[in-house]
Amino acid sequence: MQCTVTSIQSLAAGFFHLSLTPEKPLGPITPGQFVMIRCGESTDPLLRRPMSVADFEADGSRLGLLVQIAGRGTGTISRLDKGDQLDLIGPFGQGYSVPPEARTIVIVAGGTGVAPFMTLTPTLVSQGKDVHVLLGARTKELLLMEEWFLHAGASLHVATDDGSKGFDGLVTALMMERLDHMEEPPDMALACGPAGMMRAVAALAEHNNIPCQVSLENSMACGFGACLGCVAHVRGEKRYVTVCRKGPVFDSREVLI
Amino acid sequence: MDLNVDFAGIKLKNPLVGASGTFGYGLTYEKFFDLSLIGGFCTKGLSMKPREGNPTPRICETPSGMLNAIGLQNVGYEKFATKKMPKLRKISTAVIANFFGETMEEYIELAAKLDALEGIHGLEMNISCPNVEKGGAAFGTDIRVTEAVVKGCRAVVKNKPLIVKLSPNVADIAEFARACEGSGADGLSVINTLVGMAIDIKNRKPILANVTGGLSGPAIRPVAVRMVWQCYKAVKIPIFGIGGVASAKDVVEFIMAGASAVQVGTMNFVSPDIIPQLAEELPELLVRLGAASVSELVGVAHGG
Ligand SMILES: Cc1cc2nc3c(=O)[nH]c(=O)nc-3n(C[C@H](O)[C@H](O)[C@H](O)COP(=O)(O)OP(=O)(O)OC[C@H]3O[C@@H](n4cnc5c(N)ncnc54)[C@H](O)[C@@H]3O)c2cc1C
Ligand SMILES: Cc1cc2nc3c(=O)[nH]c(=O)nc-3n(C[C@H](O)[C@H](O)[C@H](O)COP(=O)(O)O)c2cc1C
Ligand code: FES
């Protein structure tokens, strides 16, 4: 599907936000779902790159991506201009699913891991839930979308590895501190970010008996279940599941992160 | 424009077939296009029992290609026959069952079952599988083993065309093509992936958990075209050209080298509707080249 770039905005060194209008609406999107984007017309780089859908219109008539320049593909995308075309397919996969009875939600995001929560946070707040967003980054300059979450009606806490803003340390340490502060444990934890961070969040959630959902970022060749390249190991079993189709969002107890 | 091809008795409405391991069991692609628009597809390689496949990472991108070490993960014969076939029988496209075994017996047992399975139009033997009885060397890289396994399957495949998919990881592919023809194969698929590897220089170790993987995609096309050319010279049976097909021009290149039809693999991942797209573009290109059908171009690069 061809999309028109309607805006491209640098957020911090190496991070940008891309706003896209597809030629036809993509249809309903769930936060945590992703699209596969083509980085140029050549066969090198060959494969599409998976990107979480960040902000979007309910019918998929507009979508935003939050991109970190990680290599050649994302580098090419970062040089697009307003009015340029971008080829993507999707949305694919299973997003986050928060049961109606969950009242208190803790969201933990690192780096571009904030993307799936941009639309989810205001939605959960509008459902009357008590939402705590914990954002982590190396430095204050790399904290993404802080303003957005401030306006989303959630209680926001930030952590920086160098202590330049908010909590001085890892976002998982901040999570531990927040859990101590809360009168009752939250009903659910949602995490997205580097694998190490998600592993720590999942361990902490499990230790406190909090159901936790994580979004895996395995390498993908197709994104729609055809190559079997993206699989994750099912915990406690000798079996794999496709991350692109059964995930990328999983219950943390289900898979090895 | 006549795009119909009779491939060893398999009726294809166009010469464009989805390659094994890149096309699931066909149904994965139904959300992208109507499967009746394509010539057919080869299933993910089937074994008697389900296989879980290799540990991860299983894939790695390379210049204009990719390495994969999926480890032949598949649902196994029973589940394929009972869960996938009922849906596939309703689709008007050729379904070619790709299969493999870890032993000679498994190959033969599975070949007999697939020969009897209603709705399968042809069998494609993947002989690139490691032979557990022979210390893991592939069936398709030792000419005597290749002959024995093809003869064994031929003896039990009585109703359907039997195609052998050759491994390119041999010194002289023409010798293997002749051996397969001599052992009763009805057609050849040329080529499977080339063994390759890539190293993560930061972590100082191979990227794939399996260490080596199969190289596919546009990067291998010249090798595949050369091998189709060599096989065409060596045998009379029809050949599927496989390796990096990405455009209508590539389809014609394989056909001129001697392929009767082509299979599209890795490019399905990049453009899931590439096969129907090629089916649409091919007639125009054939007209420009002054051809009235696909069949009249088969092997023309070899001269008169
Ligand atoms: C479901 C899902 C959702 C995602 N969502 C987002 C998102 O919202 N935003 C976002 O920015 N990213 C997201 N990602 C990650 C994103 O897909 C990757 O960052 C992207 O594919 C990188 O592509 P590239 O071509 O820029 O980098 P590549 O060139 O592919 O390299 C990526 C990284 O791998 C390293 N690398 C590559 N090859 C080697 C090698 N041989 N040895 C060692 N290291 C190597 C590079 O140094 C680089 O750090 C998501 C991934 C998944 C699976
Ligand atoms: C992810 C992947 C899985 C594959 N699995 C199989 C398989 O199960 N059986 C088989 O015979 N070939 C398998 N192949 C090989 C392809 O069918 C094809 O021969 C090869 O990829 C070259 O074609 P391409 O360059 O168009 O991909 C696989 C290829 C890929 C990329
Ligand atoms: S990326 Fe191909 S199956 Fe998941």
Side-chain angles (χ1 to χ4, degrees), chain A residues 1-2 26-27 35-50 70-74 76 87-93 195 216-248 255-257, chain B residues 18-32 41 44-45 50-75 207-209 213-221 244-247 250 265-273:
Chain A
M1 173 93 61
Q2 287 297 328
L26 298 178
V35 290
M36 294 292 287
I37 62 175
R38 183 108 193 241
C39 307
E41 278 167 27
S42 132
T43 57
D44 188 25
L46 179 68
L47 302 170
R48 289 176 185 266
R49 303 304 197 240
R72 267 200 317 151
T74 46
T76 305
D87 174 4
L88 65 79
I89 53 174
F92 296 131
L216 301 192
E217 290 206 350
N218 294 19
S219 353
M220 296 183 171
C222 69
F224 51 85
C227 73
L228 305 180
C230 65
V231 296
H233 204 273
V234 177
R235 256 171 128 178
E237 288 180 47
K238 217 184 157 291
R239 197 163 64 82
Y240 297 99
V241 280
T242 48
V243 170
C244 67
R245 200 138 71 161
K246 301 284 171 150
V255 288
L256 286 183
I257 303 167
Chain B
S20 176
T22 67
F23 220 74
Y25 306 98
L27 306 163
T28 318
Y29 283 84
E30 271 188 316
K31 62 172 169 283
F32 299 111
F41 70 89
K44 175 73 196 157
R51 275 178 58 135
E52 296 308 335
N54 284 332
T56 59
R58 291 178 168 188
I59 51 172
C60 156
E61 192 181 50
T62 58
S64 294
M66 65 178 279
L67 289 166
N68 90 80
I70 306 300
L72 297 167
Q73 179 177 341
N74 77 99
V75 297
I207 293 180
L208 299 176
L215 182 65
S216 66
I220 72 167
R221 195 191 310 131
V245 171
S247 71
D250 307 337
T266 302
M267 286 309 288
N268 292 307
F269 301 154
V270 181
S271 310
D273 60 351

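So you know, we letter chains A, B, ... as the sequences are listed, proteins then strands, and number each from 1.
- Counting heavy-atom pairs closer than 4.5 Å to chain B, the top residue among C230(A), C222(A), S219(A) is C222(A).
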Next item on the list: Give the C-alpha distance, both sets of side-chain angles, the deciding distance and a yes or no for side-chain contact (heavy atoms from CB on, under 4.5 Å) between L208(B) and R58(B).
Entry: CA-CA 6 Å; L208(B) 299 176; R58(B) 291 178 168 188; 5.5 Å; no
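- Residue V245(B) forms a side-chain contact (heavy atoms from CB on, under 4.5 Å) with just one option from N268(B), D250(B), T266(B), and that option is D250(B).
- Aromatic ring orientation, Y29(B) versus F23(B): parallel (interplanar angle below 30°, classes split at 30° and 60°).
- When the candidates G217(B), A69(B), P218(B) are compared by the number of heavy-atom contacts under 4.5 Å with chain A, P218(B) comes out ahead.
- Looking only at distances, a side-chain donor or acceptor of E61(B) sits under 3.5 Å from a matching main-chain atom of L46(A).
- Between chain A and the residues P57(B), G24(B), C60(B), P55(B), the largest count of heavy-atom pairs under 4.5 Å involves P55(B).
- Residues satisfying the salt bridge (charged side-chain N to carboxylate O under 4.0 Å, His left out) criterion with R51(B), sequence neighbours excluded, are E102(B).
- I89(A) is listed as a side-chain neighbour of P272(B), based on a closest heavy-atom distance under 4.5 Å.
- Y25(B) does not touch chain A: none of its heavy atoms, backbone or side chain, sits under 4.5 Å away.
- For chain B, the nearby parts of L47(A) are the backbone and the side chain; heavy atoms of each come within less than 4.5 Å.
- The shortest distance between side-chain heavy atoms of M66(B) and F269(B) falls below 4.5 Å.
- Using non-hydrogen atoms only and a strict 4.5 Å limit, the part of residues 233-241 of chain A facing chain B consists of K238(A), R239(A), Y240(A).
- Contact count versus chain B (heavy atoms, under 4.5 Å) is highest, among S42(A), A221(A), G223(A), A232(A), for A221(A).
- Taking chain A as the reference chain and counting heavy-atom pairs below 4.5 Å, the highest number among G71(B), S64(B), P50(B) is found for S64(B).
- When side chains are defined from C-beta on, L72(B) does not count as touching N54(B), because their heavy atoms never get closer than 4.5 Å.
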